[in-house]
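Following: one structure in structure tokens, then a few remarks.
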Amino acid sequence: MVGYLGFDGFTSTFQNKLFKGYNMEIHNQIFYTTLCPCILSFSGLILQGHLLPAIDFAHRHSACLYDIALLSAVATADQFFISYTIRTFGALTFATIMTTRQLVSILLSCLWFSHPLSSAQWLGERLLFFVPFMRRASFATVLQNLRLLSTCKAEIRVNQFLSRKRLDA
């Protein structure tokens with residue numbers, strides 16, 4: 001779980017850095033971020049000796065090819081939405097959206113299947129849900145203070161310029 005969360009947090013942040021640092025297009029980003037898992041999955045199938053049985057299964061049960069194609073199409077569309085969100089709004093907004101989605105998914109699953117949450121689980125849900133919002137609020141406050149500071153500096157420069165002009169006149 002720690003590895004999943006670590007890599008999940010790294011991926012969106014790194015994609016955000018690539019978008020801003022190298023001005024990558026969404027298509028390039030998707031190609032390169034999906035090429036690596038494709039190579040790893042294909043290599044895993046070969047090394048474990050599961051490639052030929054998988055091909056044989058698909059050949060014997062050709063109805064699964066529709067499901068494979070549908071799953072692939074949905075995953076591709078999902079990747080476009082993810083990349084667009086990261087490029088347009090940033091990694092923090094994407095993390096907030098995904099955290100909200102996971103919270104709603106867990107709560108709906110608990111309601112649908114009547115699985116109660118313990119008090120520790122409720123505490124964990126609340127912490128995981130509110131941390132991105134708190135980070136976003138503090139980040140927004142820092143940005144607002146920086147804008148205010150730059151506005152004040154600009155006003156001071158204008159006043160200094162105007163006072164010099166008055167002295168020259």
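Residue indices begin at 1 and follow the sequence shown.
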Return the [atom1] to [atom2] distance between [X] and [Y], rounded to the nearest 0.5 Å.
{"X": "Ile68", "Y": "Ser62", "atom1": "CD1", "atom2": "OG", "answer": "10.5 Å"}
{"X": "His59", "Y": "Leu65", "atom1": "NE2", "atom2": "CG", "answer": "10.5 Å"}
{"X": "Ile26", "Y": "Ser83", "atom1": "CD1", "atom2": "OG", "answer": "6.0 Å"}
{"X": "Arg87", "Y": "Glu25", "atom1": "CZ", "atom2": "CD", "answer": "5.0 Å"}
{"X": "Leu35", "Y": "Ile30", "atom1": "CG", "atom2": "CD1", "answer": "13.5 Å"}

Q: Spell out, yes or no, whether Phe80 and Met98 are grouped together once hydrophobic residues are joined by side-chain heavy atoms under 4.5 Å, including indirect joins.
A: yes
Q: Flag yes if Ile39 and Tyr32 sit in one hydrophobic cluster, no otherwise; membership is Ile, Leu, Val, Met, Phe, Trp, Tyr, and two members link when side-chain heavy atoms are under 4.5 Å apart.
A: yes
For [Y], does its backbone N or O pair with a side-chain atom of [X] as donor and acceptor, under 3.5 Å?
{"X": "Thr85", "Y": "Phe81", "value": "yes"}
{"X": "Thr76", "Y": "Ser72", "value": "yes"}
{"X": "Thr34", "Y": "Phe31", "value": "yes"}

Q: Return the minimal non-hydrogen interatomic distance between Ser114 and Pro116, and the atom names on each side.
A: O-CD, 3.4 Å
Q: Over all heavy atoms of both residues, which pair between Ala58 and Cys64 is shortest? Give the atoms and the distance, please.
A: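 Looking at all heavy atoms of both residues, the shortest contact is CA-SG, 3.9 Å.
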Q. Are the ring centres of His61 and Phe57 closer than 6.0 Å?
A. yes
**Q.** Test applied, side-chain contact (heavy atoms from CB on, under 4.5 Å); reference residue, Leu40; option that passes from Cys36, Ser43, Cys38, Pro37
**A.**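 Testing Leu40 for a side-chain contact (heavy atoms from CB on, under 4.5 Å) against Cys36, Ser43, Cys38, Pro37 leaves exactly one candidate, Cys36.
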Q | Non-hydrogen side-chain atoms of Leu52 and Asp56 separated by less than 4.5 Å | A |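 Of all side-chain heavy-atom pairs linking Asp56 with Leu52, none is under 4.5 Å.
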**Q.** Flag side-chain contact, heavy atom, 4.5 Å: Phe89 against Ile97
**A.** no
